[in-house]
Amino acid sequence: MYLYDELDRTLVTERVAEFRDQVARRLSGELTEEEFRPLRLMNGVYLQLHAYMLRIAIPYGTLSSAQVRMLAQVARRYDRNFGHFTTRQNIQFHWIKLEELPQAMADLASVGLHGMQTSGNCVRNITTDQWAGAAPDEIEDPRIWAEVLRQHLTMHPEFSFLPRKFKIALTAAAHDRAAVKVHDIGLRLHRNGAGETGFEVLVGGGLGRTPFIAKTIKPFLAKRDLLSYVEAILRVYNSYGRRDNIYKARIKILVHELGAEAFAKEVEAEWRQIKDGPLALDPAVVADIAARFRYPAYERLDDSPPALAAARGSDRLFAAWLANSVANHKADGYAIVTLSLKPEAGTPGDATAEQMDAIAELADRYSFGEIRVGHEQNLVLPHVAQRDLPRLWRALDANGLATPNVGLVSDIISCPGLDYCSLANTRSIPVAQEISRRFHDRDLARDLGPLHINISGCINACGHHHVGNIGILGVEKNNEEFYQITIGGRADEAAALGTLIGPAVRYADVADVVEDIVAAYLELREDSRETFLQTVDRTGIEPFRERVYATR
Amino acid sequence: MTSPLQQKLKVTGPVVVTANRLADGAVVYWRADGGWTTRLEDAAVTTAAAAARELLAAASIDQTSAVGAYVAPVKVAANGQVQPGNLREAIRSTGPTVETRMTF
């Protein structure tokens, strides 16, 4: 956990007081909607189809049990008893009343949570690996650098009115769990040939209307230069990014139109002027930030304790969950546990107040009071002693949080779609629910292996459909919902955009089409070890296209 | 942002004026006698662009009750019952098509 200081607490508390005053003035008519709208957006408050929506940032996906309890309280007191975890390490409440928002924000502020910079053309919540600090394959904890950036870019006056929103993600592991290649800036901590640790800097990734995979503009950036280099990128973007056309305003368009090489030259020129100035990172400052991250006092334990082996041998359901949802931890005798928020026919990413309370309680009992949020819309207990896994599993199962489908076909990433969102053209959630029903057979799902389905209800791509192994994009035609299907996308270190397999299909046919694609994969794969993506890579999309459209 | 009153209004069938209530975001409709209602069946319905523009202008005067007024299509059944004109308006009118009050 990171311990916020007095400055952070003051900032958040003052913002609540300011927003309370703004809401009162809006309700009294003193402020017009035109005046109020940018103020509410600066605090993560959107007006959706049926109600106001409040988006709360979860910096680098880390939550304490006290914060999760508060989220449960807000869900219960001000919303309809649930919250929705998004694809950017945020949580959204979809039924908040404007007149109650200031008090909800005050409650959230009491545990250090807020909605600042979760909307608007600013640097949004900085995201990272949900396994940070626990993953055996990371070279160091990326959250320290996310926090360095967060402090610098929070309410940064120069970057509060960028041409468009700006998203930064970091990873410090060989396997990218933070989707850094589809962010405006992606940062990959790695070691160079001399054994020094620094950042590979990628820019211009993003999804939406015009998707791009980010390009590397700096293969190795020394840590001391992180702030100055990011500042230089933002300055170049702020100067040259288009403000005349919202569809061409993201940095990905600028990088694409200038070319990555020319863009990098502009950044280098800017950077040379500032790199040795006040933004050069003082190791003492970084050490101070690092010291504010509290790590668990792990016991000295051995891997695979006898109690775990016994439970695995005696309970098939536990064994299935263990194989699916539990990963190795960097500390011996511990494990990383993913809590699926994708129960059969559920809404991807939703958690009830009761579930959040249960998760907080289990985090206190089994995970040093820590919870993580991942971009796949699942939660994580990052530090669980392996001996406790059977007890934890029973408790999770009793609360609907032990569906053993992490990374499998029914672990669907989905935006809220037209059921909530004022930007959406089509529904996403019921499509996800129907696919989840079709693949409820856990043996089949396990046999299919890793298979990520992503659904977006409009071209803005909040469901990251471009990088789904199977991507589903809703489009409206003559007042009817249609869905374009892509295959072969991925969001990890080998990030790639999926390929459209043919004409859009009707709402009622989407789940059938997914079943056809899966059936084609089962026929085409060389053996059960060949994953869906490997099969698509080997065969191309043609056999899938034939299967789907032969009878349509 | 262009005001809805300045936007070109295309009316090809029955329409109502709708918005979200300022205080809680609830979906509301403009009544023929002025004022907002949460009941679509009580909304003023017109098929004429000029009348729709007038309703929108009247609804837009009050900026402290509702937000973002616009003209939305409806269907009028043979018995006179007014229904939303498309899926988006149906979802606005009756809520999400999926379960929203979750308990576990």
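Predicted, not measured: the structure shown is a model, and the values here were computed from it.
Per-residue counts of heavy-atom pairs under 4.5 Å with chain B were compared for A/Glu100, A/Glu99, A/Glu481; the largest is that of A/Glu99. Contact tally against chain B (heavy-atom pairs below 4.5 Å) for A/Thr32, A/Leu27, A/Leu31: the top residue is A/Leu27. Ranked by heavy-atom pairs under 4.5 Å with chain B, the list A/Ile429, A/Thr426, A/Ile96, A/Leu418 is led by A/Leu418. Options A/Glu480, A/Lys97, A/Arg26, A/Glu33 differ in how many heavy-atom pairs under 4.5 Å they form with chain B, and the most are formed by A/Arg26.
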Output, in order, the C-alpha distance, side-chain angles, deciding distance and verdict of side-chain contact (heavy atoms from CB on, under 4.5 Å) for B/Asn86 and A/Glu476. CA-CA 11 Å; B/Asn86 57 36; A/Glu476 185 200 312; over 6 Å; no
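By the neighbour-count criterion of 12 heavy atoms within 6.0 Å, atom CZ of A/Arg437 is densely surrounded, having more than that number from other residues, nucleotides or ligands. Residue B/Asn79 qualifies as enclosed at atom CG: its count of foreign heavy atoms under 6.0 Å is above 12.
A/Arg80 contributes atom CZ, which lies 10.5 Å from atom CD of B/Glu99 (distance to the nearest 0.5 angstrom). The distance from atom CZ of B/Arg88 to atom CG of A/Asn425, rounded to the nearest 0.5 Å, is 9.0 Å. Taking CG of B/Leu22 as the start and CZ of A/Phe36 as the end, the distance is 7.5 Å to the nearest 0.5 Å. Taken from SG in A/Cys421 to CD1 in B/Ile91, the straight-line distance is 11.0 Å, to the nearest 0.5 Å.
Counting heavy atoms from C-beta on, the side chains of B/Pro96 and A/His50 come closer than 4.5 Å. Side-chain contact check for B/Val98 versus A/Arg427: every heavy-atom pair is 4.5 Å or farther apart.
For a residue to count as touching a neighbouring chain, one of its non-hydrogen atoms must lie under 4.5 Å from one of that chain's; by this rule A/Leu47 touches chain B with the side chain only.
By the side-chain hydrogen bond (donor to acceptor under 3.5 Å, both in side chains) test, A/Asp21 pairs with A/Arg25, sequence neighbours left out.
When the heavy atoms of residues 23-31 of chain B are compared with those of chain A, the residues falling under 4.5 Å are B/Ala23, B/Asp24, B/Gly25, B/Ala26, B/Val27, listed by number.
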